[in-house]
Amino acid sequence: MASIAAPGQGAALLAELGPWQRALRAQFPIITANPELAYLDSAATGQKPQAVLDAVQEQLTAAHANAGRGSYPWANASTALVADVRDRVKGFLGDPDPARSAVHFTSGTTEGLRLVARDWLPGLLADGDEIVVPFADHEANLEPWLEAQRLLERQGVRIAVRELPYQSSSGDYDPAALARLVGPRTRFVAATHVHHVYGGNMNVHLVRRAVGPDVPICLDAAQSVGHLPVSVAELDVDFVAFSGHKALALPGSGALWARQSRGPELRPGGWQGSPNTTGIASLAAALDWLAAAGTDRIARWTVALAARLSDGLRRLDAYDVLGCQRSLAADSPVQQRCGIVTFRHRDIGARDLGFILFSHGFMVRTDGHCQAGAGETSSVRISLHVYNTPEEIDRLLAVLASLR
């Protein structure tokens with residue numbers, strides 16, 4: 001897949017988008033209140049613009065009530081809010097058939113994936129069927145499918161869980177190997193849109209091409225929704241799970257979109273409790289804010305910042321950058337990192353490096369990043385959003401260069 005930013009145009013792009021970015025950065029109170037700090041951990045959770053904070057305040061002070069539980073005006077307003085935001089999620093994802101699809105609100109990506117694994121997947125599978133899932137993406141996109149396998153086994157249904165193949169050189173999926181792996185008993189594939197450690201767009205359209213038109217695909221979009229344009233029509237997937245808090249909404253909010261065309265209809269089991277109306281209100285405001293800002297421009301900005309960082313790191317002998325080595329240079333002809341750059345110092349441990357960086361005002365993630373399987377390795381992850389600046393990247397590189 002080609003770079004979102006044209007090769008060699010990173011500096012020019014950042015200069016071009018600078019006024020737009022500065023106007024958006026000014027809308028994040030926690031960022032503007034702490035100019036001496038650089039928040040570089042947006043893959044873990046995003047900061048909140050004033051519009052989201054205002055929406056939460058209004059929901060809690062103007063018409064706060066439980067949804068679907070009463071007939072008075074405040075309750076009716078909450079019920080209408082939930083229905084309206086379902087439609088907004090569909091629109092934000094470019095849903096080609098909103099009358100047929102469904103949106104279920106969740107606490108985040110993990111709950112959304114587990115909802116598919118627990119309440120939908122067992123109804124699709126019979127003894128001897130196979131599913132293909134990633135073994136080196138986020139743990140949340142592996143464990144639910146293994147849980148489903150164990151649940152079915154207790155019921156006397158044995159299914160095979162196959163590993164989604166990767167390219168060793170880049171960490172991307174290997175569509176050619178996947179096409180050879182898929183057989184007549186392949187019933188389901190789980191995939192990730194943007195890798196939470198390597199930062200690569202995992203080219204889900206190639207996964208669809210490899211598995212054919214009939215196999216359902218469930219997409220972990222935790223690192224793409226709110227960070228770049230997401231079109232379920234173009235991706236041709238059947239489920240999209242994402243976390244609201246990574247998309248500038250409140251913690252504890254998220255959604256699962258279901259196409260409802262391949263396989264049985266998703267019907268969540270058990271009693272459905274009270275919805276998180278405040279989280280849902282924050283999600284509506286966040287999606288509106290992102291749409292107005294332009295997720296295409298947000299993606300161009302963060303890709304250009306990540307390229308600036310990876311290009312600087314490749315010039316420092318003490319560091320190893322994880323993921324595709326062909327995409328480190330700012331003028332790389334292959335796709336660059338989607339706002340995520342993860343690296344290791346060859347002599348300083350990741351946790352120690354994290355403490356050092358914070359002493360210089362940088363807040364970063366340091367550990368194994370919840371990566372499943374043997375892929376997990378302790379490292380430093382820099383993850384960016386629209387409120388980050390080229391100056392922060394340059395200051396970070398200067399500090400890293402001083403650590404021999």
Side-chain angles (χ1 to χ4, degrees), residues 1-15 17 38 40-43 136-137 166-174 192-203 206 223-224 227-228 298-350 353-354 357 362 364-366 368-369 371 375-385 388-404:
M1 182 177 179
S3 300
I4 294 174
Q9 298 300 310
L13 176 64
L14 292 171
L17 293 179
L40 304 174
D41 196 21
S42 292
D137 295 355
Y166 298 84
Q167 300 178 38
S168 59
S169 61
S170 65
D172 295 339
Y173 298 140
D174 186 336
T192 299
H193 197 182
V194 171
H195 200 280
H196 72 294
V197 178
Y198 307 131
N201 184 318
M202 302 299 281
N203 293 316
L206 298 181
Q223 301 299 342
S224 58
H227 299 262
L228 67 154
I298 292 173
R300 292 167 67 202
W301 181 263
T302 56
V303 166
L305 287 182
R308 192 183 188 102
L309 175 57
S310 65
D311 188 78
L313 281 169
R314 75 186 178 96
R315 304 170 191 273
L316 302 178
D317 292 338
Y319 297 90
D320 294 315
V321 181
L322 278 61
C324 178
Q325 300 302 296
R326 294 178 57 227
S327 63
L328 297 179
D331 60 353
S332 169
V334 299
Q335 78 162 357
Q336 293 165 326
R337 288 157 173 78
C338 297
I340 297 174
V341 179
T342 305
F343 59 90
R344 292 191 299 264
H345 192 286
R346 294 177 184 173
D347 297 313
I348 303 173
L353 185 53
L357 290 177
F362 300 102
V364 303
R365 173 77 177 264
T366 59
H369 317 297
Q371 188 172 5
E376 182 173 81
T377 180
S378 185
S379 52
V380 175
R381 184 181 69 184
I382 306 298
S383 52
L384 308 161
H385 216 300
N388 294 117
T389 67
E391 293 74 21
E392 290 174 338
I393 299 302
D394 294 344
R395 286 196 295 112
L396 174 63
L397 285 169
V399 171
L400 293 173
S402 71
L403 304 175
R404 304 294 183 183

Whether [X] side chain and [Y] backbone form a donor-acceptor pair below 3.5 Å:
X    : Y    : value
Y173 : T192 : yes
Q336 : A330 : yes
S378 : A350 : no
W301 : G339 : no
H196 : A43  : no
H227 : S42  : no
Y166 : A136 : yes

Exercise for the section: Mind checking side-chain contact (heavy atoms from CB on, under 4.5 Å) for S327 and listing every partner two or more places apart, or none if nothing turns up? Expected result: C324, S332, V334, R337

When you compare the side chain of [Y] with that of [X], does any pair of heavy atoms fall below 4.5 Å?
X    : Y    : result
Y319 : L353 : yes
Q371 : D137 : no
D172 : L206 : no

Non-hydrogen atoms of [X] and [Y] that approach each other most closely:
X    : Y    : result
I298 : H385 : CG2-CE1, 3.8 Å
F362 : V399 : CE1-CG2, 3.9 Å
T302 : L384 : CG2-O, 3.8 Å
L316 : A401 : CD2-CB, 3.9 Å
G354 : T366 : CA-CG2, 3.7 Å
R315 : D311 : NH2-OD2, 2.8 Å

Exercise for the section: Supply the atom-to-atom distance N388 CG to S383 OG, rounded to the nearest 0.5 angstrom. Expected result: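 It is 8.0 Å, given to the nearest 0.5 Å.
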
Handout entry: Distance in Å, L397 CG paired with S310 OG, rounded so as to fall on 0.5 Å steps
Key =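 Result: 9.5 Å between the selected atoms.
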
Handout entry: Name of the residue among R365, R344, H369 meeting side chain to side chain donor-acceptor pair (under 3.5 Å) with S379
Key =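 Exactly one option meets the side chain to side chain donor-acceptor pair (under 3.5 Å) with S379, and it is H369.
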
Problem - Of L40, D41, L322, the residue whose pairing with R381 passes side chain to side chain contact (heavy atoms under 4.5 Å, CB included) - result: D41

Handout entry: With sequence neighbours excluded, residues passing ring pair (Phe, Tyr, Trp, His ring centres under 6.0 Å) with H195
Key = Y198

Handout entry: Salt bridge flag under 4.0 Å for residues R308 and D394
Key =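 D394 and R308: salt-bridged.
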
